[in-house]
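For the single chain, residues carry numbers from 1 onward in sequence order. Both counts, for ligands and for their atoms, begin at 1 and track the order of listing.
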Amino acid sequence: MLPTARIALNRPLRRLFDYLVPEGLTLQPGQRVKIPFGRQQAIGLVVETEVEPPQGITLKPIQTALEDWPALPEETFRLLSWASDYYQHPLGECLFTALPPALRRGRPAAEKQEDWWQACGSSAALPANAYKQKNLLDWIAQHEKGVKSSAVTKAGFTRAQLKALHQKELVRLAKPEASLPGQQTYTSTTAAPELSPAQTEAMEQLPTPAEGFSASLLYGITGSGKTEIYLHYLKQHLTSDGQALVLVPEINLTPQTVARFKRYFGERILVWHSALNDSERLNAWLKIRNGEPVILIGTRSAVLLPFTSLETLIVDEEHDNSYKQGEGFRYSGRDVAVYRAHLNQCPVILGSATPSLESYHNALTGKYRLIKLEERAGKAQSPTISLLDIRSRPLEGGLSRPALKALKQTLDSGNQALVFVNRRGYAPVMMCFDCGHMVECPRCDTRLTYHRRDRAMRCHHCDFQAPATDTCPKCKSDAFKPVGQGTERTEDILASCFPDTPVVRVDRDSTQRKGSIQNILEQVNTGKPCILVGTQMLAKGHDFPNVTLVVVINADGGLFSVDFRAPEQLVQTLLQVSGRAGRGTKAGNVVVQTCHSDHPLLRTLCNGRYLDMADQLLEERESGQFPPFRAMAIFRAEADTMEQSLQILDSIKPLTNVPGIETWGPLPALIARRADRHRAQLVLNTDNRMRLNKLLTGICQTLEQKRFPKGAKWMIDVDPQETG
Ligand code: ADP
Ligand code: ZN
Ligand code: ZN
């Protein structure tokens, strides 16, 4: 009788599959195998060996193992099993998230060497009209040691152009520049600046890896030098064989951070983010799995990678929403990092100038150590924040006279300014002043945003787009006007008020092209007077030493939202964006325009002390019985009709009838219809997380057996970030 193994597949199924283990094959959990599945083959991951085979069923044998070692080592495997249970997501899909796409498809786990090209001929040999090939050849010739194929496409050339040059024997394949993995020597290059006394004190309070597991919340105001502390901490505590993970919200927005780490740790720095291609991903994955002593700087999913000797985890800007995956396996990268540190018995440092209420609460209750850094590094001072009530002031493109005056003074004295607008596009609404019509998305319950640059009306919730019109589509009146502010509109106003100053817009539209954010940042870094206009993107970790004024066009968005997290996010964004002012030697000012200058939260904002606001917000959370005082999960449903969605949730509700579990709903979601799908939700709230977890496991198993109308879907979101 052959032994039986239990296999997980990369499918949204809450079950595993049993297979016979052929003679001569020894397997261990985490190993990749090829199995027959239906009429096809599939790649699976071994979950258990030596399982009791089910009675009365003939099992098929496993075809082969893809490696004789587990792709997911034990600790990674345990981490993902825990996450599958905690977030109620099928184990197979969780496990496969830790593999690069190439390995999910069954490719061999071997380093894929990219082709390297060197120039070996002169562009004079090319016909005069082949100017693109000529440019490419000149560009390759500039790189003495050669260039990678991927660098060619990244630089804007095509593979066809490269192939043409190869055929004409003007370029040749060369040996790669980098040495093979495992042979690299890791040397640190430059020394970081010495820590200030305040930084040193904070650093000394951080538990060392020798103390085993510890979770610390490093609360350091914007510009206090947290990144510098991470660098010193790793330098001091990471052993020469050890691996470290530094999680960041979005790498592309802050290339400066990676550059700073590289300056300090050189080749030891490895990056992980969504813009890597398949072979870059595979190669990085292999280095980590092979236990190379890398310091990985990565976005959310990096926390799931198969490290083998992880010694320290750092989560920078730990409050950032992008740590929570919004679909599929809805894990929080930050929270998984804390659990991983626990598994590894090593430290995790959560850093932020505006900590999440969850982490701050954990610090107050003693679960995390709280370390405060309340002065700015170097010569910089904290900015002065003032509220500007705009209720009875005339506005020009959303800007009041005093704000425009402050901008003028800033530019006149040779400094830079930043204007924060929370919406991209020209205006959030187009409205007819004759019939009152507002243009809505035909597929969602939202209005279309007017994008003047492309003369388009766009939905920011689905991909709907229509040409903009000059007259009202309903009554043909030409009293059809934009209402409200978007970044494009503010950019226009500023350009007309300050014709001699460059106005640089930073939002998702202006930074879509690869490298454009870098170009924008370079322009700002010249230090010449300019005005930056942009969305949240500008609030993220940038270091602009010459920005001395920040203007917030309108602070009121999140003050009266139904989402219980909205005020927290508002305060975090306002303080983060304020933190861009006065980071150099010159003092910074922040002007916050609002219609609610007497709102208690905004008043506290002016003293710039985030923890005061956090205390205030925590009180509200406690009295409203919201997280972090309670555990929350949301069942969501979407279907072709609202009736179907509500029916699904109505069928779940009786199952939640357990003491200690409170339910709200089912109710239509805030945006009830999105891309023609009707969405509803059922919220579960409790003070007993264990009981909730057990209950959810049971309900999900039940739901998986049920049949719902075609196209109808249910989802579970544990610790939801969006609750609208
Ligand atoms: P944070 O991560 O808290 O926003 P950074 O580490 O980016 O802060 O530091 C903010 C600025 O202060 C950076 O320009 C950094 O180079 C500088 N800085 C940090 N620590 C020191 C120090 N000890 N001496 C001088 N400058 C420093
Ligand atoms: Zn009209
Ligand atoms: Zn839409």
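With a heavy-atom cut-off of 4.0 Å, Ala377 touches ligand 1 through its side chain alone.
Nearest to atom 4 (O) of ligand 1 by heavy-atom distance, out of Gly351, Pro197, Gly223, is Gly223.
Checking each of Gln572, His319, Lys226 against Ser352 for a side-chain contact (heavy atoms from CB on, under 4.5 Å) leaves exactly one that passes, namely His319. Exactly one residue among Arg455, Lys476, Lys481 makes a salt bridge (charged side-chain N to carboxylate O under 4.0 Å, His left out) with Asp470. That residue is Arg455.
Listed for the Arg679 side chain is a donor-acceptor partner under 3.5 Å among the backbone atoms of Ile671. Under the 3.5 Å distance criterion, the side-chain polar atoms of Asn415 are left unmatched by any main-chain donor or acceptor of Leu411. Distance alone, capped at 3.5 Å, is enough to place a donor-acceptor pair between the Arg565 side chain and the Pro720 backbone.
Remark: the Glu318 side chain and the Ser359 side chain contain an N/O donor-acceptor pair separated by less than 3.5 Å. At a cut-off of 3.5 Å, with distance as the only test, a side-chain donor of Thr723 or Asp563 sits close to an acceptor on the other residue. Judged purely by distance below 3.5 Å, without hydrogens or angles, the side chains of Thr222 and Arg580 never pair a donor atom with an acceptor atom. A donor-acceptor contact under 3.5 angstrom links the side chains of Thr354 and Gln576, judged on distance only. At a cut-off of 3.5 Å, with distance as the only test, no side-chain donor of His273 or Thr299 sits close to an acceptor on the other residue. Side-chain contact check for Asp507 and Thr487: at least one donor-acceptor pair (N or O, by modelled atom type) lies under 3.5 Å.
At a 3.5 angstrom cut-off on N or O pairs, Pro193 does not count as close to ligand 1. Residue-to-ligand polar distances place Glu228 within reach of ligand 1: an N/O pair is separated by less than 3.5 Å.
Remark: Ser196 engages Gln199 in a side chain to side chain donor-acceptor pair (under 3.5 Å) (not counting sequence neighbours). Considering only residues two or more places apart in sequence or on other chains, His460 meets the ring pair (Phe, Tyr, Trp, His ring centres under 6.0 Å) condition with His451.
Annotation: cation-pi geometry satisfied between Lys235 and Tyr264 (NZ/CZ under 6.0 angstrom from ring centroid, within 45° of ring axis).
Atoms of ligand 1 lying under 4.0 Å from any heavy atom of Ser196, numbered from 1 in the order shown and given with element: 23 (N). The distance from ligand 1 to the heavy atoms of Asp543 drops below 4.0 Å at these ligand atoms: 11 (C), 13 (C), 14 (O). Listed by number with element, the atoms of ligand 1 under 4.0 angstrom from any heavy atom of Leu195 are 23 (N). With ligand atoms numbered from 1 in the order given, ligand 1 contributes 22 (C), 23 (N), 24 (N) to contacts under 4.0 Å with heavy atoms of Glu194. Near Arg260, meaning under 4.0 Å from one of its heavy atoms, ligand 1 places the atoms 5 (P), 6 (O), 7 (O), 15 (C).
Remark: minimum distance from atom 8 (O) of ligand 1 to any protein heavy atom is reached at Gly225 N, 3.0 Å. Looking only at heavy atoms of the protein, atom 2 (O) of ligand 1 is closest to Thr227 OG1, 2.7 Å. Atom 20 (N) of ligand 1 has as its closest protein heavy atom Gln199 NE2, 3.0 Å. Counting only heavy atoms of the protein, atom 1 (P) of ligand 1 lies nearest to Lys226 N, 3.5 Å.
Distances shorter than 2.8 Å separate the Zn ion (ligand 2) from the protein N/O/S atoms Cys432 SG, Cys435 SG, Cys472 SG, Cys475 SG.
Contact check on Lys324 versus Asp717 returns a salt bridge, with a Lys/Arg side-chain nitrogen under 4.0 Å from an Asp/Glu carboxylate oxygen.
Ring pair Phe635/Trp714 is tilted by interplanar angle, where 30° to 60° counts as tilted.
Residue Arg376 places no heavy atom under 4.0 Å from ligand 1.
With a cut-off of 2.8 Å, the protein N/O/S atoms near the Zn ion (ligand 3) add up to 4.
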